[in-house]
Amino acid sequence: MAQRVTFRRRNPYNTKSNQIKVVKTPGGKLVAQHLKKIGTRPKCGDCGIALAGVSQLRPRQYSSVSKTHKTVSRSYGGSRCANCVKERIVRAFLIEEQKIVKKVLKDQAEKEKKAKK
């Protein structure tokens, strides 16, 4: 006959925060070990994809873990994915280029006005 196992904490219900794993002790007894909830993967703030290189922990555990587990060595490291960072850089570059083109066209227009007078 299978041995019964009971919860070891005061909460008697099978909720998400009260999950157990049945373990056999060296004495041959079956005992319930309470499991901690696993954290969700940190997501990119722009596209929502899971970030590579960042640990999957519960929010409080990030405080007790070193910086290398929380970020990657890149601008916007633990916040945005590589593709979104690349997109931002390209967008910023193109905007700057556009400003330069506008300025050049404006200067040319002014030169033409002066040449006509």
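Not measured: the values here are computed from a predicted model.
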Report task. Give the minimum heavy-atom separation between Val5 and Val31, together with the two atoms involved. Result -> CG1-C, 4.1 Å
Requested in this report: Might you confirm whether atom CD1 of Ile49 has over 12 heavy atoms from other residues, nucleotides or ligands at distances under 6.0 Å?
Outcome: no
Query raised in the report: Counting only heavy atoms not in Ile38, do more than 12 fall under 6.0 Å of its CD1?
Result: no
Report task. Using the side chain to side chain contact (heavy atoms under 4.5 Å, CB included) rule, take His34 and Arg9 through it: C-alpha gap first, then chi angles, then the decisive distance, then the call. Result -> CA-CA 9 Å; His34 286 273; Arg9 296 184 186 154; 3.4 Å; yes
Requested in this report: Decide, yes or no, whether a salt bridge links Glu96 with Lys99 under the criterion of side-chain N to carboxylate O below 4.0 Å.
Outcome: yes
Query - Approximate separation, where rounding is to 0.5 Å, of Leu51 CG and Cys84 SG - result: 9.0 Å
Query raised in the report: Do Lys70 side-chain atoms and Val65 backbone N/O form a donor-acceptor pair below 3.5 Å?
Result: yes
Report summary line: dist Ser55:OG -> Arg41:CZ (nearest 0.5 Å) comes out at 9.5 Å
**Report entry** Point-to-point distance, once rounded to the nearest 0.5 Å, from SG of Cys81 to CZ of Arg74
**Finding:** 7.5 Å
Report task. Starting at NZ of Lys24, measure out to CD of Gln3 and round the result to the nearest 0.5 Å. Result -> 8.5 Å
Query raised in the report: Should we say atom OH of Tyr62 is surrounded by more than 12 heavy atoms from elsewhere, each under 6.0 Å from it?
Result: yes
Requested in this report: Mind listing the closest non-hydrogen atom pair of Ala52 and Val72 along with its distance?
Outcome: O-CG1, 3.6 Å
Query raised in the report: Just one of Arg80, Lys86, Arg91 clears the salt bridge (charged side-chain N to carboxylate O under 4.0 Å, His left out) bar with Asp46, so which one?
Result: Arg80
Query - Test side chain to side chain contact (heavy atoms under 4.5 Å, CB included) applied to Gln98 and Leu94, step by step - result: CA-CA 6 Å; Gln98 212 172 21; Leu94 291 175; over 6 Å; no
**Report entry** Interatomic spacing from CD1 in Ile20 to CD in Gln33 - rounded to 0.5 Å
**Finding:** 10.0 Å
Requested in this report: Measure the shortest side-chain to side-chain distance between Gln108 and Val104 over non-hydrogen atoms and say whether it is less than 4.5 angstrom.
Outcome: yes
Report task. Hey, could you give me the CZ/CD distance between Phe7 and Gln19, rounded to the nearest 0.5 Å? Result -> 7.5 Å
